[in-house]
Chemist: 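The structure's right below; bear with me while I get my questions together.
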Amino acid sequence: MSDTIFGKIVSGEISSEFIYEDEHCIAIHDVNPQAAVHVLVIPKKGIPRLVDAGAEDQALLGHLMLAVGKIAEQLGVAEAFRLVVNNGADAGQTVFHLHLHIIAGQVFAEKNL
Ligand code: AMP
C-alpha cells in the first residue's frame, strides 16, 4: 500500500468502483479520461515508479501485463489499445503509486499520444 490516492483506493479508505480485481491488482476508470476508454490498472503493492520495481517484483509486473489483456477483453478493446506508464514527474506522472493506463476507443493516427 502507499500513502497516495491510489493506495487509499486500493485499501478502501477512498471508495472507487473496481471494474476488475484480483489478488494483486485492481482496475478503475480514470477520473479524467483522455479517450473513450481510459482505465488504470493499479497493483495493490505500492511501488512508487516503474524504476522502483526490483527483482522481487518480476512476477507482479508480468501479472499486471496479463491482467491488462484480461481487462482489455472485458472492455471489448482487445483488438486495439495503448498501454502507457508514466515514470517520473517530467514524464507526466502525478500519482506516485505505479499504474498502467489502458487507452482505447479511438483510432490512434499519431505514433505519439
Ligand atoms: P499519471 O499522470 O500517470 O500519474 O496518471 C494519474 C492518473 O490518475 C490521471 O490520468 C488522473 O486523471 C487519474 N486519477 C487521479 N485521481 C483519480 C481518482 N481518484 N480516480 C481515478 N483516476 C484518478
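When a ligand or atom number is given, it counts from 1 through the structure's own listing order.
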Chemist: Could you tell me if the side chain of Leu64 sits less than 4.5 Å from the side chain of His24, heavy atoms only?
Modeler: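 No; the side chains remain at least 4.5 Å from each other.
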Chemist: In ligand 1, which numbered atoms sit nearer than 4.0 Å to a non-hydrogen atom of Asn32?
Modeler: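 Counting from 1, the qualifying ligand atoms are 12 (O).
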Chemist: Just need the protein heavy atom nearest to atom 19 (N) of ligand 1, so name the residue and atom and give the distance.
Modeler: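 It is Ile5 CD1, 3.6 Å.
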Chemist: Show me which atoms of ligand 1 lie under 4.0 Å from any heavy atom of Asn86.
Modeler: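 So the atoms of ligand 1 that pass are 1 (P), 2 (O), 3 (O).
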Chemist: Are Leu98 and Leu61 packed together at the side-chain level, in the sense that at least one heavy-atom pair is separated by less than 4.5 angstrom?
Modeler: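 Yes, their side chains come closer than 4.5 Å.
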Chemist: Counting C-beta onward and ignoring hydrogens, is there a side-chain heavy-atom pair between Leu40 and His101 closer than 4.5 Å?
Modeler: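 They are in contact (side-chain heavy atoms under 4.5 Å apart), so the answer is yes.
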Chemist: With the side chain counted from C-beta on, respond yes when Phe6 and Ile26 share a heavy-atom pair under 4.5 Å apart, and no when they do not.
Modeler: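 Side-chain contact under 4.5 Å: no.
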Chemist: May I ask you to test the Ile47-Leu60 pair for a side-chain heavy-atom distance under 4.5 Å?
Modeler: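 Result yes, sub-4.5 Å side-chain heavy-atom pair found.
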Chemist: Please could you name the atoms of ligand 1 that Ile28 approaches to less than 4.0 Å, counting only its heavy atoms?
Modeler: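 Going through ligand 1 atom by atom, the ones under 4.0 Å from Ile28 are 20 (N), 21 (C).
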Chemist: Take every heavy atom of Gly92, measure it against each atom of ligand 1, and state whether any distance is under 4.0 Å.
Modeler: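 Contact check Gly92 vs ligand 1: positive.
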Chemist: Any side-chain heavy-atom pair from Phe81 and Ile103 closer than 4.5 angstrom?
Modeler: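 A side-chain contact under 4.5 Å is absent here.
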Chemist: Any heavy-atom pair between the side chains of Asp22 and His63 that's under 4.5 Å?
Modeler: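 Yes, at least one pair of side-chain atoms sits under 4.5 Å.
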Chemist: Yes or no: does His101 have any heavy atom under 4.0 Å from an atom of ligand 1?
Modeler: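 Distance cut 4.0 Å: His101 passes for ligand 1.
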Chemist: Please identify which atoms of ligand 1 are closer than 4.0 Å to at least one heavy atom of His99.
Modeler: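 By the 4.0 Å cutoff, the relevant atoms are 1 (P), 3 (O), 4 (O), 5 (O), 6 (C).
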Chemist: Identify the closest protein heavy atom to atom 14 (N) of ligand 1: which residue and atom is it, and at what distance?
Modeler: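 Looking at atom 14 (N) of ligand 1, the protein heavy atom closest to it is Val31 CG1, 3.7 Å.
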Chemist: Heavy-atom contacts with Leu40 under 4.0 Å: which atoms of ligand 1 show up? List them by number with element.
Modeler: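 Near Leu40, meaning under 4.0 Å from one of its heavy atoms, ligand 1 has 8 (O), 13 (C), 22 (N).
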Chemist: What atoms in ligand 1 come closer than 4.0 Å to a heavy atom of Ile9?
Modeler: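 Listed by number with element: 19 (N).
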Chemist: I need the nearest protein heavy-atom contact for atom 8 (O) of ligand 1: residue, atom name and distance, please.
Modeler: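 Atom 8 (O) of ligand 1 sits closest to the protein heavy atom Phe6 CZ, 3.3 Å.
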Chemist: Could you list the atoms of ligand 1 found under 4.0 angstrom from a heavy atom of His29?
Modeler: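 It comes down to these atoms of ligand 1: 21 (C).
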Chemist: So between Val95, Ile14, Thr4, Asp30, whose heavy atom ends up nearest atom 11 (C) of ligand 1?
Modeler: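 Of the listed residues, Asp30 has the closest heavy atom.
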Chemist: I'd like to know whether ligand 1 has Phe96 as a neighbour, heavy-atom separation below 4.0 Å.
Modeler: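 Checking ligand 1 against Phe96, which is what was asked, there is no heavy-atom contact under 4.0 Å.
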Chemist: Does Glu23 come within less than 4.0 Å of Lys44, counting only side-chain N to carboxylate O?
Modeler: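 Salt bridge between Glu23 and Lys44, a charged N being under 4.0 Å from a carboxylate O: no.
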Chemist: When you measure from the side chain of Asn87 to the backbone of Leu50, do you find a donor-acceptor pair of N or O atoms at a distance under 3.5 Å?
Modeler: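 Present.
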Chemist: Looking at Ile102, Asn32, Asp30, which hits side chain to side chain contact (heavy atoms under 4.5 Å, CB included) with His38?
Modeler: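 Among Ile102, Asn32, Asp30, the one meeting side chain to side chain contact (heavy atoms under 4.5 Å, CB included) with His38 is Asp30.
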Chemist: To check your reading of the model: name the closest protein heavy atom to atom 4 (O) of ligand 1, its residue, and the distance in Å.
Modeler: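 For atom 4 (O) of ligand 1, the nearest protein heavy atom comes out as Thr94 N, 2.7 Å.
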